[in-house]
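Each chain gets a letter, A, B and so on, in the order the sequences are listed, and its residues count up from 1.
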Amino acid sequence: MSQVPTNTSRMEKVVSLCKRRGFIFQSSEIYGGLNGFWDYGPLGSELKRNVKELWWQAMTRFRDDIVGLDASIIMHPQIWKASGHVDTFADPMVDCLLTKKRYRADQIEPQSGVIYFYTGARAADTELNEPYSVLLAAGKPAESARKVAKQYYALRGIADAELLGETTEKAENTTAYNPENGSLFTPPQMFNLMFKTYIGAAESSENIAYLRPETAQAIFVQFKNVVDTARQKVPFGICQIGKAFRNEINPRNYTFRSREFEQMELEFFIKPEEIVEKQHGTVATPDGTPAGTEPQPNWGWEVWHKYWVEQRLNWYESIGLPRESLELFFQPKEELAHYARACVDILYKFPFGTQELEGIAARGNFDLTQHQTHSGKSMEYFDQEAAAKYVPHVIEPSAGVDRLLLALLCNAFDEEEVTDEKGKSETRIVMRLHPRVAPIKVGIFPLLKNKPELVSKAIEVRDLLRPHMNVFYDETGAIGRRYRRQDEAGTPFGITIDFDTIGENGPEFEGTVTLRHRDSMKQERVKISELLAFLLPQIR
RNA sequence: GCGGGUGUAGCUCAAUGGUAGAGCGGUAGCCUUCCAAGCUACUUACGAGGGUUCGAUUCCCUUCACCCGCUCCA
């Protein structure tokens, strides 16, 4: 498995296979495609269903303390006011007029000094009346401002310019100039990342609504309803899988950053530390808590946070992403959003770089409090055991489904040299997807198509397995070709119905099939009656 | 959004200012007793729009998409 930071050719092979085998297609391809949107083909949609199903199971079915939610994508616009998305989910951007580099306007260091204004420039045969200005630190020679200005006009086609209309002015704490070279920036442009739409027929400002930029807010907004109906006590969680939309400035890296994507989010509500302390006398910290322990009532938020990081890492391993393909990134305190207490990202080593799959944030009670303030409805929870009312705090593991699929596909992709009995070597492409996520669990092949006994027996086996797993029946072409086709689809098992199966080579083999393993290409004989018992534990 | 690159069949690639070809694949048939065998037939493309031209896949412009770098990113 490649550990090279960027590996373009490997990524290209993955992309090509995804298209060839029907994992991922470009959205609206016959109309030329649409930037930032992707579709999942037959194999991709199965893969995606499996991943979401496994997450849902791990979160809700195998736990008593988490329940599900499936909320609408368009919600009351006030929600996005309360969450801060309307105001802060927009980045003001500026471009340097000289270098064309783009910066976030709110991250420009304010500068003071002298501004040199020009009205234009003139060369032997041309003149350009386009104002431009340069900021110089106090005391620097005017000549360096002129040098920058000449570079600027040279870019505009006025070489060796004579600068026109130079004036100067003092400036304090301006962010309109590039600190690196003094050049003027373009005026700030706002990029709000939320998709806007209108509810009802009239496109007026009162009808503005947004496609949700994250699924989390729906959980906070429905917190009270869930508390009232689900018979859960804090600590408990609400989870949701669903689409979210962000009008990315620059979608990149295949499906990694798309404008429409799917999230799997959990909001796990916990007691504020003062309540824990009141009830138990002490608050457990990560240092005093052995890894992998069951949740305890005296846990503080830091232990819960660590607990969820470990839970999530274990889950990724359980679906086939090895621990060494993942990295943890602890966001430094100074880079955290104002409401967050801590955030750990789980990163995967993609061929195009190590990138985030999931963020696990400790968000305090920011969100519930915000909605309490904006809606005027109490978000307080009455804790009978503690005899106290409080707004719960929250730990938020938030994962991107599409990113995860891409990670699984990149991780599974493998090329190996195989040598046949005649000594001829060739490249085998195999998707080593974990059986749990594999789109097709087992391929079922009659050894020969023109032998009715083999075909009918194969169909019998297909119908035996079909209620329990996704099977693929294939009778065309040579058996080796059918195996290799399934290798690219990531199908972990192949079952071949041969002449042993129908008893032609002795009664001791009757009712057995060839079971072929994708990864090792090894074959073994298994009784049809034992197939389910063999396969089920591996795919669940 | 800026700069660079690329767009020809499902994939990988070729050729050409005179109307596109291969390999692999796919489909159907024959054959075939375990790892992409063979034979036959079929299938499918110049990203889109405009211009120059008698004629454009080829030259020019615009646009769209993808890739790389910058930028951004929950």
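Both A:Gly32 and A:Glu248 sit near RNA chain B, but only A:Gly32 has its closest nucleotide nearer the 5' end.
In this structure, the CG atom of A:Asn178 is 17 Å from the P atom of B:C70, given to the nearest Å.
In this structure, A:His517 and A:Phe493 have perpendicular ring planes: the angle between them is above 60°, well past the 30° mark. Using cut-offs of 30° and 60° for the angle between ring planes, the A:Phe268 and A:Trp304 rings count as tilted.
Contacts of A:Glu356 with the nucleic acid, taken as non-hydrogen atoms under 4.0 Å apart, involve only primed sugar atoms and P, OP1 or OP2. Within the nucleic acid shown, A:Gly36 comes within 4.0 Å of sugar-phosphate atoms alone, with no base atom in reach, counting heavy atoms only. Among the protein residues, A:Ile479 comes within range of the sugar-phosphate backbone only, with heavy atoms under 4.0 Å from sugar or phosphate atoms but none that close to a base. Among the atoms of the strands shown, base atoms are found under 4.0 Å from some heavy atom of A:Arg516. As judged by a 4.0 angstrom heavy-atom cut-off over every strand, A:Tyr254 is placed among residues touching the sugar-phosphate backbone only. The residue A:Ser16 sits close only to the backbone: its heavy atoms come under 4.0 Å of sugar-phosphate atoms, none of a base.
Taking atom C1' in both B:U53 and B:C11, one finds a spacing of 35 Å when rounded to whole Å. Atom P of B:C24 sits at a distance of 8 Å from the matching atom of B:G38, rounded to the whole Å. For B:C66 and B:G47, the C1' atoms lie 11 Å apart once the distance is rounded to whole Å. Taking atom P on both nucleotides, B:U16 is separated from B:C59 by 11 Å, rounded to a whole Å. Taking atom C1' in both B:A22 and B:C46, the straight-line distance is 16 Å, to the nearest Å.
Close to B:C64, at under 4.0 Å from its OP1 or OP2, lies no side-chain N or O of A:Asn35. One finds a side-chain N or O of A:Asn450 lying less than 4.0 angstrom from the OP1 or OP2 phosphate oxygen of B:U32. The phosphate of B:C11 has OP1 or OP2 within less than 4.0 Å of a side-chain N or O from A:Lys19. Close to B:G29, at under 4.0 Å from its OP1 or OP2, lies a side-chain N or O of A:Lys449.
Under the side chain to side chain contact (heavy atoms under 4.5 Å, CB included) criterion, A:Gln111 pairs with A:Glu109, A:Leu135, A:Pro179, not counting sequence neighbours. Evaluation of the ring-ring contact (aromatic ring centres under 6.0 Å, His included) rule for A:Tyr316 yields no partner, not counting sequence neighbours. Under the side-chain hydrogen bond (donor to acceptor under 3.5 Å, both in side chains) criterion, A:Thr496 pairs with A:Tyr483, sequence neighbours left out. Annotation: ring-ring contact (aromatic ring centres under 6.0 Å, His included) contacts of A:Phe220 (sequence neighbours excluded): none. Not counting sequence neighbours, the partners of A:Asn505 by the side-chain hydrogen bond (donor to acceptor under 3.5 Å, both in side chains) test are A:Asp500. A:Arg363 pairs by the salt bridge (Lys or Arg N to Asp or Glu O under 4.0 Å) definition with A:Asp367, A:Glu396, not counting sequence neighbours.
In this structure, of B:A37, B:C35, B:A65, it is B:A37 that holds the atom nearest to the side chain of A:Ala478. When distances run from any side-chain atom of A:Arg484 to the nucleotides B:A36, B:C66, B:C70, the shortest one goes to B:A36.
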Please list, one pair per line, the donor and acceptor atoms closer than 3.5 Å that link side chains of residues 29-42 of chain A to other protein atoms, with sequence neighbours excluded.
unit_1	atom_1	unit_2	atom_2	d
A:Glu29	OE1	A:Lys19	NZ	3.4
A:Trp38	NE1	A:Tyr254	O	3.2
A:Tyr40	OH	A:Asp402	OD2	2.7

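Pairs engaging residues 441-459 of chain A under the salt bridge (charged side-chain N to carboxylate O under 4.0 Å, His left out) rule: A:Lys457-A:Glu460 [sequence neighbours left out].
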Please write out each protein N/O paired with an N/O of nucleotides 3-8 of chain B under 3.5 Å, distance rounded to 0.1 Å.
none

What N/O pairs connect the protein and nucleotides 43-46 of chain B at under 3.5 Å? Give each pair on its own line.
none

Extract from the structure each pairing of a protein N or O with an N or O of nucleotides 20-27 of chain B at less than 3.5 Å, listing the distance.
unit_1	atom_1	unit_2	atom_2	d
B:G25	OP1	A:Arg481	NH1	3.4
B:G26	OP1	A:Arg485	NH1	2.6
B:G26	OP2	A:Arg481	NH1	2.9

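Under the 3.5 Å distance criterion, with hydrogens and angles disregarded, no donor-acceptor pair is assigned to the side chains of A:Thr476 and A:Arg482. A:Thr427 and A:Glu416 are not linked by any side-chain donor-acceptor pair at a separation below 3.5 angstrom, with hydrogens and angles left out of the test. For A:Thr215 and A:Glu265, the side-chain atoms include at least one donor-acceptor pair closer than 3.5 Å.
For the salt bridge (Lys or Arg N to Asp or Glu O under 4.0 Å) with A:Glu415, the qualifying choice from A:Arg432, A:Arg10, A:Lys13 is A:Lys13, the only one to do so.
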* **Under the 3.5 Å Watson-Crick or G-U criterion, the dot-bracket string of RNA chain B, with | for inter-strand pairs** => (((((((..((((....[..))))((((((.......))))))...(((((..]....))))))))))))....
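Separation of the A:Tyr210 and A:Phe245 ring centroids does not fall under the 6.0 Å cut-off.
Residue-to-nucleotide contacts include a donor-acceptor pair under 3.5 Å from the side chain of A:Glu488 to the base of B:A36.
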